[in-house]
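This report concerns only the one structure given below.
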Amino acid sequence: NWSGNGIDSAGPAKVTIEKNLIQPGPFANLVPNPNACVANGIFIAHNDSAIVEGNTIELVTALTATNTSPCTAGIVLAMAANKNVFKANKVEGTGRYAIAVMGNPANPDQNNLFVGNNLTGFSPTGATVSLGNFATNNTFVGNSGTVVGNTGANTITGLSPVAGEVGEAVSDGVSD
């Protein structure tokens, strides 16, 4: 029952995150910033070669889940999360995204591998997976559900693009 990221790894570090049960709470940052809307399972930033395996993330929609940020997401990558492996994780419950890969122009998220993650028990309010404009060369294998965003710059197997919602991907936080 947590407001924030259940596990927050802001490297640079080579970490292993495995076999955790993470249950973010439904109240997501009511104070001091009600618009922050953060109740995520695992957040990875500035990490290379992390291994995230065998975790179970049980999400509930946050009370302030009204914006397009990665609000109640299972796994979030942001700012130079590269060459990480996400294997056999389970994301259940309801939230904006099961997986959100964001990046930004100075710190793209690239060359990450998502393999055999169980997303079938997840009910998205956005899509199962969201790929920001600076999520490139990531590989999704054996994952199921829907995907929005930068699908052409990533290798995707088992996820179906959501028609008409390409622009709904998570924001990279940079104005065009």
Side-chain angles (χ1 to χ4, degrees), residues 1-9 14-26 28 37-45 47-62 65 68-78 81-103 109-132 135-151 153-163 165-166 168-170:
N1 198 14
W2 175 253
S3 180
N5 298 311
I7 295 176
D8 192 331
S9 180
K14 291 183 180 179
V15 298
T16 299
I17 301 169
E18 63 182 350
K19 300 178 184 170
N20 296 284
L21 171 60
I22 304 164
Q23 298 170 310
C37 197
V38 177
N40 302 314
I42 298 173
F43 182 87
I44 303 286
N47 278 339
D48 288 343
S49 305
I51 297 174
V52 179
E53 181 175 8
N55 298 286
T56 298
I57 302 163
E58 298 174 353
L59 295 175
V60 292
T61 302
T68 59
S69 67
C71 193
T72 59
I75 298 170
V76 179
L77 278 69
N82 302 307
K83 301 177 189 166
N84 300 294
V85 175
F86 299 84
K87 179 180 178 185
N89 296 289
K90 186 178 196 178
V91 181
E92 302 176 318
T94 301
R96 184 104 175 128
Y97 308 112
I99 299 171
V101 185
M102 302 184 306
D109 293 334
Q110 52 195 358
N111 301 311
N112 296 289
L113 174 63
F114 296 84
V115 61
N117 295 294
N118 183 346
L119 310 176
T120 58
F122 179 73
S123 297
T125 60
T128 309
V129 174
S130 178
L131 301 170
T136 59
N137 299 317
N138 298 290
T139 302
F140 293 83
V141 178
N143 304 280
S144 61
T146 57
V147 61
V148 294
N150 195 11
T151 58
N154 296 279
T155 302
I156 301 167
T157 324
L159 294 165
S160 303
V162 177
E165 293 193 30
V166 173
E168 292 293 317
V170 292

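The first residue in the sequence is number 1, and the count goes up from there. Keep in mind it's a predicted model, so treat the numbers as computed, not measured.
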Under a 4.5 Å cut-off applied to non-hydrogen side-chain atoms, are [X] and [Y] in contact?
X	Y	answer
V85	E53	no
N154	V101	no
L77	F86	yes
N5	V76	no

Qualifying residues under side chain to side chain donor-acceptor pair (under 3.5 Å), relative to K87, sequence neighbours excluded: none
Treating [X] as the side-chain partner and [Y] as the backbone partner, does any N or O pair qualify as donor plus acceptor under 3.5 Å?
X	Y	result
D109	G103	yes
T146	T128	yes
N40	G74	no
N55	N89	no
N84	N47	yes

Give the minimum heavy-atom separation between [X] and [Y], together with the two atoms involved.
X	Y	result
G41	L59	N-CD2, 4.5 Å
F43	A78	CZ-CB, 3.8 Å
A135	A153	O-CB, 4.2 Å
V162	A127	CG2-CB, 4.3 Å

Give, for atom [atom1] of [X] and atom [atom2] of [Y], the distance between the pair rounded to the nearest 0.5 Å.
X	Y	atom1	atom2	value
L113	N137	CG	CG	12.5 Å
E92	T120	CD	OG1	8.0 Å
L131	L159	CG	CG	8.5 Å
N111	T139	CG	OG1	8.0 Å

Under a 3.5 Å cutoff, is there a donor and acceptor pairing between the side chains of N112 and N138? yes
Taking V129 as the fixed residue, which of T151, I75, I99, I156 is the one that meets the side-chain contact (heavy atoms from CB on, under 4.5 Å) rule? I99
